[in-house]
Asker: 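Here it is, the structure in full.
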Amino acid sequence: MPKEIKRVRMLVTPEGVPLPLELGDAGQRAGAFLIDMLILVGSIVAITIFLLFVSKSIPGKGIDRVLGLIWTIGLFLLRNFYFTWFEARPRGATPGKRALGLRVIARHGGRLTLDSVIARNALREVEAFLPIMLMVASLATRGYQSWILICALGWTAIFLLMPLMNRDRLRAGDLLAGTWVIRVPKRPLLPELSADAEETLFTEAELDAYGVYELEMLEQVIRQAQPAAVATVTLTIAQRIDRRHWSDDGGPRDLAFLHTYYAALRGRLEHKLLYGKRRADKHDRG
Amino acid sequence: MALTLPFRRKRDPDPPAPVQRRLDPLPSARFRAEREADWRRLDALLSKVEKRSAAALTDEELLALPTLYRATVSALAVARETSLDRALIDYLEGLSTRAYFFLYGVRGRIGPRIAAFFRHDWPAAVLSLWRETVGSVLLLVAGTIAGYALVASDSNWFMALAGGMAQGRSPSATTQQLRDILYKGGTDGLEGLATFLFTHNAQISLLCFALGFLLAVPSTILILMNGLTLGAFLALYADRGLAGELVGWLFVHGTTELFAITLAGAAGIRIGWAVAFPGRLSRLDGMAAAGRQSGTVMAGVVVMLFVAALLEGFVRQLVTIDWLRYLIGGAMLALWLAYFYGPAGRRR
C-alpha cells in the first residue's frame, strides 16, 4: 500500500476536484521504450528491404538515387521524430506507451507543449542513441578500442538508472522538459452490484459488523467470483454475524448471499455517510 | 419473492425485529443510473479521439466534450462523498483523467501550433537566448582564430584539426586542386548530397543541444572544435591566396549553417547554465523552463539546417561566381537576423 501511494500525485482540476495520477514505474517505462525500439528497428528493416526490392525490380540509375534519398530522409525522420510525433498528439503516447497504458503529461498537469516534447526527446540522443551508436561502431570494428564499449555501457547505465534515483521516476529528458509519465489505464464501467441483490432481512447489529474496507474487499470477491474465495468469505461473514449456513462451496447460493449482504451493508454504510459518519473498517468503532 | 437463504439463527431464538431493507435501489445506484448515459457518451467520444484525432469529432461532439467532462468530474466529487462503490469511483477517476488531459493537456491542433511557431514562438525563443548566442559566437570566433593561428604557424596542425572533414584538402594539395574544390560545380547527385548534409548536421546540432545537459561543457567544446576546423581551412586557403574565394564558397550556406549550429550551442549553454545556476527557481523548474525554451530553438535549428543543406547542396554547386555567392550568403544572414531580432519575436 505505501509503495503505491508513493507513486500517486494529486492533481486538482480547475473545477476543484482532486484526481489521483499514478506515475509510471521504471519497469513500465523500460517496457514501453523496448516496444518502441522494436517498432523503430523493425520499420527501418522493413523500409530497407522494401526499397531494395523496388530498386531490384525497376532498373535504372536514377531510381537508385531517389530511393537512397527516401531511405536517408526516412531514417532521419524515424530516428528524430518518431517519439515527438506521437507524444505531441492528443493521446500523448507512443505506441509502446499506449500498449502499457502510459502517457506523457506536463508536470503538475499543465499544458504539454510541443517544445517540451521536443526537448524531452532530443535528450534521447545522449541518453540512448549516442551510446548505442558507439557500441555498434566499436562492435563493428571488432575489439578495436573496447574501452569505448565500456564507456558507452557506463554512460547508458547512468541514464538508464536515473529514473530509479528520484521519487518521480524522471529520466533526464523528463527533468529537462518538465514532464511526467503517468499511467492512464482504461477502466471499464463495471455492473452495479447492488442492483440485482434481493431484498432480505439483516439486523442492524449484523450490518454493523463491517466497515468500508471490508465492503470494498467484498466487492472484489463478488466481481471476481472465484469459488474458493467466495466460499471462504461466506463462511467468515456467517461466523462473524452468527448465522449458521449450509455452504455450497462457492456456488451460486453463496454468491447470492454475498450479493445480498453486500447490498445491505453498502446501503447501511452509505446511509451513515449522509450523516457524515464514515466507518473505515471493522475495528473502527467511531 | 425473497431468496431463501441458507442461514438460520444459531442462538437468539427470538431475534430483534430485523431492519426492513428497501426494495428500491440504493441512492448511490439511482445516482449512477441517472448519469450513466453521459459517462458512456464521454467515454465513447474520448475513445474516438484517442484512436484518431480531434478532427474525428463533429463540431457538436466537440462542443459536448467540456460539458460532459464537467458533469463527470462533479459526479466524481459527489460519488466520493456518497457512494461506496469502489469500482464506480475508480471508473470515474479514470474517465475524468482521460477527459482532463484531452481538454487541458495538449495545446491546440497541430496546424495552428506550427503557424504560431513560425510567427512568434521561434523568433521569441531565439531572442531570449541572445546572451548565450553571443557567447556561442565568441566561442566560434575564438576557435576560428586559434585554428587559423595554429595552422598558419605550422601546417602540420591542419590534419589534426580538420581531420575527417579534409576530403582531399590538405597542405600537400596543389593550389589548383584546392581551387577546383571551390568551383567544380556539377549537378550529379546534388539532392543526395543535400540530404546527407542535412541529416548529418541536424544530428550534430541535436547532440550539441542535448549535451548541454552535462553542464554545457561538451556543447562549448563542440562549438570550439567547429571554429578550429574553420580556422584551419582558412589558414590553408589563405596560404595559397584563396581566402576570399573560400569565404565566398562558405558564405552561401555557412551563414545559415553556422548560425544554426551557434544557436544549438546557445541552447545547450542555456540548459547547462540552468542546471548549474538555477537562480530563484528550483533547479527542477529552472531546468524545465530552459528546456522548453531551447526545445523551441532546436525545432527552428532543424529548419535552418534544412535550408542550409539546400543552399549547400544546390545553390553552392550551381553558382560559381564569387560576388553572387557573397550576395546570397549575405542576404540569408540579413534575413535571419531581421527575423529573429526584428519585430516577430517581440509581438504579444
Side-chain angles (χ1 to χ4, degrees), chain A residues 13 15 17 19-20 65 68-69 72-73 76 89-92 105 107 111-116 118-119 122-123 125-126 130 172 175-178 184-187 189-190 192 194-195 198-204 212 215-216 219 238 242-246 253 256-257 264 266-267 269-270 273, chain B residues 2-3 5-10 16 18-19 21 23 25-29 32 39 49-50 53-54 70 73 76-77 82-84 86-87 90-91 93-94 96-98 100-102 104-107 113 189 191-192 195-196 199 206-207 209-211 213 271 287-288 291-292 294-296 298-299:
Chain A
T13 70
E15 293 77 21
V17 179
L19 292 176
R65 254 165 58 184
L69 211 65
T72 320
I73 294 178
F76 173 78
R89 293 168 66 76
R91 189 145 187 170
I105 63 164
R107 211 139 43 94
R111 287 224 153 121
L112 180 66
T113 53
L114 193 55
D115 347 349
S116 308
I118 290 174
L123 226 59
E125 207 56 41
V126 274
L130 180 69
L175 216 60
L176 186 66
V184 270
K186 221 170 156 181
R187 298 193 189 96
L189 181 53
L190 298 175
E192 169 68 56
S194 69
E198 304 267 341
E199 180 200 21
T200 191
L201 311 173
F202 285 103
T203 63
E204 280 191 12
V212 174
L215 180 76
E216 286 174 358
E219 180 186 340
D242 266 351
R243 285 201 183 196
R244 181 175 299 159
H245 87 299
W246 294 272
R253 208 159 56 164
F257 166 70
R266 200 175 112 194
L269 290 174
E270 285 183 356
L273 266 189
Chain B
L3 183 78
L5 284 166
F7 297 95
R8 203 179 61 192
R9 312 253 156 230
K10 220 165 26 181
V19 178
R21 303 308 308 170
L23 244 182
L26 298 174
S28 64
R32 167 178 168 163
W39 304 337
V49 167
E50 287 167 350
S53 71
R70 257 168 233 128
V73 168
L76 170 65
T82 59
S83 172
L84 290 173
R86 189 70 246 166
D90 284 348
Y91 169 77
E93 279 177 352
S96 306
T97 309
R98 278 166 66 205
Y100 173 85
F101 282 113
F102 176 71
Y104 294 101
V106 179
R107 203 177 105 195
R113 276 165 88 180
E191 70 287 348
T195 321
F196 167 76
T199 54
L206 279 173
L207 199 61
F209 162 71
L211 284 172
F213 188 65
I271 289 167
M287 229 188 295
R292 275 197 299 277
S294 41
T296 310
M298 286 315 293

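Computation of the quantities below employed the complete heavy-atom set of this structure, encompassing side-chain atoms and omitting hydrogens, waters and symmetry-equivalent molecules. The chains referred to below are lettered A, B, ... by the order of the sequence lines, with proteins before strands, and numbering in each begins at 1. Computed from a prediction, not measured in an experiment: that's the story for all the values here.
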Asker: Which heavy atom in Arg107(A) sits nearest to a heavy atom in Ala288(B), and how many Å separate them?
Answerer: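 Here Arg107(A) and Ala288(B) meet closest at NH2-CB, 3.9 Å.
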Asker: What verdict does the side chain to side chain donor-acceptor pair (under 3.5 Å) test give for Ser28(B) and Arg266(A), after you've listed the backbone C-alpha separation in whole Å, the side-chain angles of each residue and the deciding distance to 0.1 Å?
Answerer: CA-CA 9 Å; Ser28(B) 64; Arg266(A) 200 175 112 194; 2.6 Å; yes
Asker: Just how far is it from atom CG of Leu176(A) to atom CZ of Arg292(B), taken to the nearest 0.5 Å?
Answerer: 10.0 Å
Asker: Measure the NZ-CZ distance between Lys186(A) and Arg98(B) for me, rounded to the nearest 0.5 Å.
Answerer: 4.5 Å
Asker: Can you tell me which of Ala122(A), Gly178(A), Ser116(A), Pro20(A) forms the most heavy-atom pairs within a distance under 4.5 Å of chain B?
Answerer: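 When all of Ala122(A), Gly178(A), Ser116(A), Pro20(A) are compared, Pro20(A) has the most.
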Asker: Where is the tightest heavy-atom contact between Gly291(B) and Ala119(A), given as atom of each residue plus distance?
Answerer: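 Heavy atoms only, the tightest pair is O-CB, 3.3 Å.
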Asker: Given heavy-atom pairs under 4.5 angstrom as the criterion, report whether the side chain, backbone, both or neither of Arg32(B) touches chain A.
Answerer: side chain
Asker: How long is the gap from CG on Leu19(A) to OH on Tyr100(B), to the nearest 0.5 Å?
Answerer: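 So the CG of Leu19(A) and the OH of Tyr100(B) are separated by 8.5 Å.
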Asker: Which value, rounded to the nearest 0.5 Å, describes the distance between Tyr104(B) atom OH and Thr13(A) atom OG1?
Answerer: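 If I round to the nearest 0.5 Å, the distance is 7.0 Å.
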Asker: Where do Glu15(A) and Arg70(B) come nearest, in terms of heavy atoms and distance?
Answerer: OE2-NE, 3.6 Å
Asker: Could you check which of Gly94(B), Ala77(B), Ala299(B), Ala29(B) has the highest count of heavy-atom pairs closer than 4.5 Å to chain A?
Answerer: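 Of Gly94(B), Ala77(B), Ala299(B), Ala29(B), Ala29(B) has the most heavy-atom pairs under 4.5 Å with chain A.
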Asker: Quick one: of Ile118(A), Thr72(A), Leu175(A), who has the most non-hydrogen atom pairs under 4.5 Å with chain B?
Answerer: Leu175(A)
Asker: Give a yes or no on whether a salt bridge exists between Arg86(B) and Glu219(A), defined as a side-chain N under 4.0 angstrom from a carboxylate O.
Answerer: no
Asker: Rounded to the nearest 0.5 Å, what's the gap from CD1 on Ile105(A) to OG1 on Thr97(B)? Could you check?
Answerer: 9.5 Å
Asker: Is it the side chain or the backbone of Leu215(A) that comes within 4.5 Å of chain B heavy atoms, both, or neither?
Answerer: side chain
Asker: Side chain from CB out, backbone as N, CA, C, O: work out which of these in Ala177(A) comes under 4.5 Å of a heavy atom of chain B, or both, or neither.
Answerer: backbone
Asker: Looking at Thr82(B), Ile271(B), Leu76(B), which has the largest count of heavy-atom pairs under 4.5 Å with chain A?
Answerer: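 When all of Thr82(B), Ile271(B), Leu76(B) are compared, Thr82(B) has the most.
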